[in-house]
Amino acid sequence: MRVLVARPWLHAQCMMMLTVNRRFARHYVEMLAAMVAGMLLFGPLWPSVPGPDVQALVMATNMTLGMGIWMRIRDHSWRAIAEMGAAMYVPFLLLLGPFWLGLLSADVLMIGGHVLMLPFMLGLMLLRRDEYSHHRNHVAKGFWQERWPTWLALLATIDNWVRPMYPPAVVMMILPTAYLVIGAFRKRLREPGVLSLQLGQFAAYLVLVGLALSVPEEVAKYLIGAGWLAHGIWDYFHHRYDKVVPRAFSEWCGVVDVVIGITIILLA
């Protein structure tokens with residue numbers, strides 16, 4: 001009788017441990033994928049980096065950003081993100097001394113740092129097994145479903161990172177005009193103070209376009225980039241307070257504006 005009772009209990013315990021281990025392993029693989037995504041996404045932000053030692057630290061920064069963003073989506077604490085970020089830097093920091101002394105080559109520095117990251121990450125996850133075995137898929141799933149305008153905007157602008165687009169200054173007038181047109185269609189311009197605010201933004205962009213057309217091209221590029229970035233901030237506040245345009249549009253537009261603004265400035 002005791003054997004019959006023990007077997008279902010033992011089977012349930014084994015299944016629970018198997019589920020926990022699967023979550024842990026999946027979490028580890030997801031973090032590795034986020035590191036690679038960070039390298040690909042943030043790599044273009046550093047067009048020229050001098051020296052293998054600085055390149056190693058930049059690489060660690062890109063991986064930390066990618067992994068940190070994913071961990072935050074997974075609802076990890078800032079402490080856990082900081083600890084895992086340290087696991088990105090420590091392997092390189094351990095190898096920089098021998099590299100500066102001429103004991104290691106640049107290839108060994110880069111390859112060795114990346115290889116050492118894997119056991120560093122795994123060891124940290126094992127030390128905080130509960131943190132990384134907890135089921136947080138519902139948080140990530142909700143994030144993917146709710147942030148679809150962001151993913152659509154990133155998909156639409158992915159080519160900008162490879163071949164940055166430099167639109168003429170007058171194209172910036174599309175930004176304030178779109179808000180006026182959509183706001184009028186949705187009858188949101190009738191709300192107190194909204195029309196005057198939108199017209200003020202329209203006038204500000206007219207001035208900005210005029211300045212960009214009157215200065216040398218080298219300066220104009222920075223003005224145009226700043227104009228797109230500024231409209232990304234404008235989108236953020238409209239999205240947060242649900243003003244004038246649909247929230248999905250302001251989210252999509254904000255991501256597009258920021259990507260175009262950053263790539264214009266990098267191109268400049």
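Counting begins at 1 with the first residue of the sequence. Computation of the quantities below employed the complete heavy-atom set of this structure, encompassing side-chain atoms and omitting hydrogens, waters and symmetry-equivalent molecules.
Residue Val115 is not grouped with residue Leu93 when hydrophobic side chains (ILVMFWY) are merged at heavy-atom distances under 4.5 angstrom, including chains of intermediate members. Residues Ile233 and Leu229 do not share a hydrophobic cluster, defined by chaining ILVMFWY side chains whose heavy atoms lie under 4.5 Å apart. Ile111 and Val36 sit in two unconnected hydrophobic clusters of ILVMFWY residues. Membership requires side-chain heavy atoms under 4.5 Å apart, directly or through other members. Follow the hydrophobic side-chain contacts under 4.5 Å out from Met67 and you reach Leu118 in the same cluster. Using a 4.5 Å cut-off between side-chain heavy atoms of Ile, Leu, Val, Met, Phe, Trp and Tyr, with links allowed through other members, Val181 and Val209 fall into different hydrophobic clusters.
With rounding to the nearest 0.5 angstrom, the CD atom of Glu251 is 4.5 Å from the NE2 atom of His239. To the nearest 0.5 angstrom, Leu175 atom CG is 11.5 Å from Leu180 atom CG. Atom OG1 of Thr61 and atom CE of Met39 lie 12.5 Å apart (nearest 0.5 Å). Distance check, rounded to the nearest 0.5 Å: CG of Leu195 to CD of Gln198 gives 8.0 Å. With values rounded to the nearest 0.5 angstrom, Tyr205 atom OH is found 9.0 Å from Trp234 atom CH2. Considering SG of Cys253 and NE2 of His231, their distance stands at 5.5 Å, rounded to 0.5 Å.
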(message) For Met117 and Met63: C-alpha separation, side-chain torsions, deciding distance, then whether side chain to side chain contact (heavy atoms under 4.5 Å, CB included) applies.
(response) CA-CA 11 Å; Met117 279 181 192; Met63 289 187 287; 3.0 Å; yes
(message) side chain to side chain contact (heavy atoms under 4.5 Å, CB included) for Leu96 and Trp100? Distances and angles first, verdict last.
(response) CA-CA 6 Å; Leu96 280 177; Trp100 288 331; 4.1 Å; yes
(request) Could you please spell out the steps behind the side chain to side chain contact (heavy atoms under 4.5 Å, CB included) verdict for Met88 and Phe120? (result) CA-CA 8 Å; Met88 302 294 98; Phe120 270 69; over 6 Å; no
(request) Please report the C-alpha distance between Asp53 and Leu57 in whole Å, then the side-chain angles of each, then the deciding distance to 0.1 Å, and finally whether the side chain to side chain contact (heavy atoms under 4.5 Å, CB included) criterion is met. (result) CA-CA 7 Å; Asp53 46 1; Leu57 295 177; over 6 Å; no
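Two residues are said to be in side-chain contact when any heavy atoms from C-beta on lie closer than 4.5 Å; Val108 and Ser105 meet this criterion. Side-chain atoms of Leu124 and Met121, non-hydrogen and from C-beta on, never get closer than 4.5 Å to each other. Residues Ser250 and Lys243 form no side-chain contact, since every pair of their non-hydrogen atoms from C-beta on lies 4.5 Å or further apart. Looking at Leu95 and Leu116, their side chains come closer than 4.5 Å, going by heavy atoms from C-beta outward. Taking 4.5 Å as the limit, some side-chain heavy atom of Met125 sits within range of a side-chain heavy atom of Tyr28. For the pair Trp228 and Val258, the minimum side-chain heavy-atom distance is 4.5 Å or more. For the pair His114 and Phe92, the minimum side-chain heavy-atom distance is below 4.5 Å. Here the side chains of Glu83 and Arg79 are in contact, with some heavy-atom distance below 4.5 Å.
Nearest heavy-atom pair, Pro91 versus Gly113, reported as atom, atom and distance to 0.1 Å: CB-O, 3.5 Å. For the residue pair Ala60 and Thr64, the shortest heavy atom distance occurs at O-OG1, 2.7 Å. Shortest non-hydrogen contact noted between Ala220 and Val215 is N-CG2, 3.7 Å. Between Pro168 and Ile224, the shortest heavy-atom distance links the atoms C-CD1, 4.3 Å. Nearest heavy-atom pair, Ile81 versus His76, reported as atom, atom and distance to 0.1 Å: CD1-O, 4.2 Å.
Ring geometry for Trp252 against Phe249 counts as tilted: the plane angle lies between 30° and 60°, on a 0 to 90° scale.
In the model, Asp235 has a side-chain atom that pairs as donor or acceptor with a side-chain atom of Tyr179 under 3.5 Å.
Distance alone, capped at 3.5 Å, is enough to place a donor-acceptor pair between the Arg186 side chain and the Val244 backbone.
Counted within 6.0 Å of OH on Tyr89, heavy atoms from surrounding residues, nucleotides or ligands total more than 12; the atom is thus considered enclosed.
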